[in-house]
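Throughout, a chain's letter reflects where its sequence line sits, starting with A, and its residues are numbered from 1. Excluded from the calculations below are hydrogen atoms, water molecules and symmetry mates; all remaining heavy atoms, backbone and side chain alike, are included. Quick caveat: nothing in here was measured; it's all calculated off a predicted structure.
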Amino acid sequence: MATPPRVRFAPSPTGYLHIGGARTALFNWLYARRHAGKFILRLEDTDRERSTEESVQAILDGLRWLGLDWDEGPGVGGPVGPYFQTERLDLYRREADALIGGGKAYRCYCTKEELEERRRVFEKQKRPYKYEGTCRNRTDIPPGRTAVVRFRMPEVDETLTYTDEVLGRISKQTSDLDDFVMLRADGIPLYNFGCVVDDHTMDITLVVRGQEHINSTFPQLMLYRALGWTPPAMAHLPLILGPDKEKLSKRRHPEADVMLHRSNGILPEALVNFIVRLGWSHGNDEVISREQMVAWFGFDHVGSTSGVWNPEKLLWLNQHYLKTLPPLDIGARLLPFLAARGVDAARDPRLERIVLALRERSKTLVEMADLARPFFVRVPVDPKAAAKHLDHAGKRALALAREALHAVQPWTTLGIDAALKSVSEAAGLGMGKVAQPVRVATMGIPVSPPIGETLELLGKVESLERIEAALAS
RNA sequence: GUCCCCGUCGUCUAGAGGCCCAGGACGCUGGCCUUUCAAGCCGGUAACACGGGUUCGAAUCCCGUCGGGGACACCA
């Protein structure tokens, strides 16, 4: 590409950032970074009923959490702003007027009720609804009515074809298209029109969006022609499906919410890695760093088949990143999850070692926080674990362990292990018969890192006190 | 219903006519390791939707069937 590409992500602020949008944003971002182009963020806030300021914030927060920074858009500005559609109304009005002047669009005075009526008739006859052109050649102005602006679809049928960067050649007959509404009476544009005017005036060179928009590219192509503009290249991404194989939607699929994953203890690195592999591949690579994605990304390896959301693989990736990112970094991210459990570990010097000990037995930060909590606060002993490991035999072993542990000096993993081993040998018990009662007594649950390490991290005084308490109960 | 897109293991995918009686990953599963749970290591399971062509040769090209999804608003 001769000039640096300009791509955009254009969400409508009618809710949180969802997974499909996040992936669209990611692919746009990757493409821009790969080719040293610009990634533009534009808010399509033309649905007055559903657009909210909170949604705008939620989307920006989501993008930031994923590390997808934009070169132009809200907060950073840019040369072709404003970046909210409701702030560009004069632009749409101007182009609409020009189209009307050239006979390529016209004012339509039909009411919503009349249109609804016609739609019902079509439905009854099982025909696809198309606007019938009632106002196409109207010259009078009906009193007391407001006018929307409709596109005048040419009479002659024609095969419209364009080459999609992902799908290849795609065609449609213009006779399947109708005189769609471009502008509402109040001057607020509808999707097709606002999108075309903005993509053009923002110098977008490539439109990357979901396949659900594939049909709308045809009316848009007609708009480009009528306006005398060259359309940008198009890349339509395969859909992401829920476990039920239907398009991932906010209504039916809670996992569509990007930020839900954050609160579930998923790392953005894992989510991005997971999402990028939903539709794009690079040979047999599964774990792909941000740098590699940027270096490798291209639409030639974006597939054309929809992908199903696979939570197990996300968890696997998440654990991979838990295990490979710097433990101090993970520790910092674990803090809020601990705080939610009443633990302030911000200044605890054991944090890094605890992460190290727990990361291979945690799939999420939530699990890690749950496993970490007993290191910071005493938790009640789980009754089931107590019944199994703190019965008569268990307590006898525990009592022996207490004596041996008392003598351990210094309090290190090695020393603790040696002490417990001597107990198991002296009593003729398997190591498990000694370690499990100790583990349950100190941690409250039968799961923790190796016992020596667990006790060392817990500290000698605390360990012995907890053992004492368990013996007393 | 109409139009558009798609169809390789349960899932994500590699595959751009011979390298494929189809490879990797997740999952599931057998084993090893082991003081718990994991992690790790070794092995296994499982797919080219179907039917016609084209070709010496097709998962790869063409046609049809079936199946799946998406779009059909003064939503985006």
Side-chain angles (χ1 to χ4, degrees), chain A residues 10-14 44-47 49-51 108 110-112 115-116 119 122-123 125-131 146 148-150 164 166-168 170-173 176-178 180-186 188-192 194-195 209-218 236 238-239 241 243 245-247 274 277-287 300-301 303-317 319 323 358-363 371 385 389 417 420-421 424 429-436 438-440 443 445-452 454:
Chain A
S12 66
T14 54
E44 306 209 332
D45 56 346
T46 54
D47 184 333
E49 270 87 66
R50 297 193 300 146
S51 294
C108 168
C110 295
T111 64
K112 284 182 188 173
L115 262 16
E116 190 48 47
R119 209 188 318 280
F122 273 81
E123 209 162 292
Q125 296 172 184
K126 289 188 179 275
R127 286 196 296 152
Y129 172 76
K130 279 173 64 178
Y131 178 66
T146 55
V148 301
V149 178
R150 281 187 188 271
D164 194 277
V166 173
L167 267 10
I170 299 178
S171 319
K172 197 177 186 82
Q173 295 301 121
D176 289 331
L177 272 24
D178 75 346
F180 58 92
V181 175
M182 296 160 38
L183 212 59
R184 295 181 176 95
D186 59 7
I188 293 186
L190 261 69
Y191 172 65
N192 282 141
C195 180
R209 77 228 304 191
Q211 260 179 37
E212 71 268 24
H213 286 117
I214 214 160
N215 281 305
S216 58
T217 108
F218 295 100
H236 286 93
L239 265 14
L241 272 26
K245 309 243 169 131
E246 303 233 5
K247 186 177 131 186
F274 175 70
R277 286 285 294 105
L278 225 43
W280 174 76
S281 62
H282 182 268
N284 283 335
D285 295 309
E286 295 291 346
V287 174
D300 47 341
H301 282 281
S304 43
T305 62
S306 309
V308 175
W309 184 260
N310 179 191
E312 285 80 22
K313 190 153 182 179
L314 207 214
L315 288 172
W316 174 76
L317 276 166
Q319 182 165 36
K323 286 190 300 186
L358 258 25
R359 64 184 189 177
E360 54 200 34
R361 51 207 107 219
S362 315
K363 292 202 179 299
L371 290 175
H389 298 292
D417 278 339
L420 293 180
K421 196 159 178 72
S424 94
L429 295 169
M431 192 56 173
K433 293 288 180 200
V434 178
Q436 280 308 82
V438 173
R439 193 185 316 272
V440 170
M443 302 303 280
I445 50 174
V447 174
S448 88
I451 195 65
T454 296

Side chain of [X] - closest among [options]:
X      : options            : answer
A:R277 : B:G24, B:G7, B:C74 : B:G24
A:S304 : B:G7, B:G24, B:A76 : B:G7
A:E246 : B:U8, B:C74, B:G69 : B:G69

Output yes when at least one side-chain N/O atom of A:S216 is less than 4.0 Å from OP1 or OP2 of B:A76, else no. no
Phosphate OP1/OP2 of B:G70 contacted by A:R209 side-chain N/O (<4.0 Å): no
Round to a whole Å and report the spacing from [atom1] of [X] to [atom2] of [N].
X      : N     : atom1 : atom2 : result
A:E286 : B:G27 : CD    : C1'   : 13 Å
A:H213 : B:A71 : NE2   : P     : 9 Å
A:Q211 : B:A71 : CD    : P     : 11 Å

Protein N or O to nucleotides 1-3 of chain B N or O, pairs below 3.5 Å:
residue, atom, partner, partner atom, Å
B:G1, O2', A:K126, O, 3.3
B:C3, O2', A:K172, NZ, 2.3

Using the test side chain to side chain donor-acceptor pair (under 3.5 Å), find all partners of [X] that sit at least two apart in sequence or belong to another chain.
X      : value
A:E123 : none
A:D417 : none
A:T454 : A:S448

Reading RNA chain B from 5' onward, which residue's closest nucleotide shows up sooner: A:L278 or A:L190? A:L278
Base contacts versus sugar-phosphate-only contacts with protein, heavy atoms under 4.0 Å: please encode nucleotides 30-45 of chain B as B, S and - from 5' to 3'. -----BBBBSS-----
N/O to N/O distances under 3.5 Å, protein versus nucleotides 9-11 of chain B:
residue, atom, partner, partner atom, Å
B:U11, OP1, A:K245, NZ, 3.1

Mind checking A:V148 for me? I need base, sugar-phosphate or nothing, with any heavy atom below 4.0 Å counting as a touch. base
For nucleotides 14-19 of chain B, which of its nitrogen or oxygen atoms have a protein nitrogen or oxygen under 3.5 Å away, and what is each distance?
residue, atom, partner, partner atom, Å
B:A14, OP1, A:S281, OG, 2.8

My understanding is that only residues two or more places apart in sequence, or in another chain, count here; which of them pass side-chain contact (heavy atoms from CB on, under 4.5 Å) with [X]?
X      : result
A:L167 : A:D164, A:I170, A:Q211, A:I214, A:H236, A:S304
A:K323 : A:Q319, A:R359, A:E360
A:Q125 : A:V121, A:R127
A:K130 : A:D178

Using the P atom as the reference point in each nucleotide, state the distance between B:G1 and B:U65 in Å, no decimals. 15 Å
One should read off an interatomic distance between A:T46 OG1 and A:D186 CG, to the nearest 0.5 angstrom, of 10.0 Å
A:D47: salt bridge (Lys or Arg N to Asp or Glu O under 4.0 Å) partners, not counting sequence neighbours: A:R50
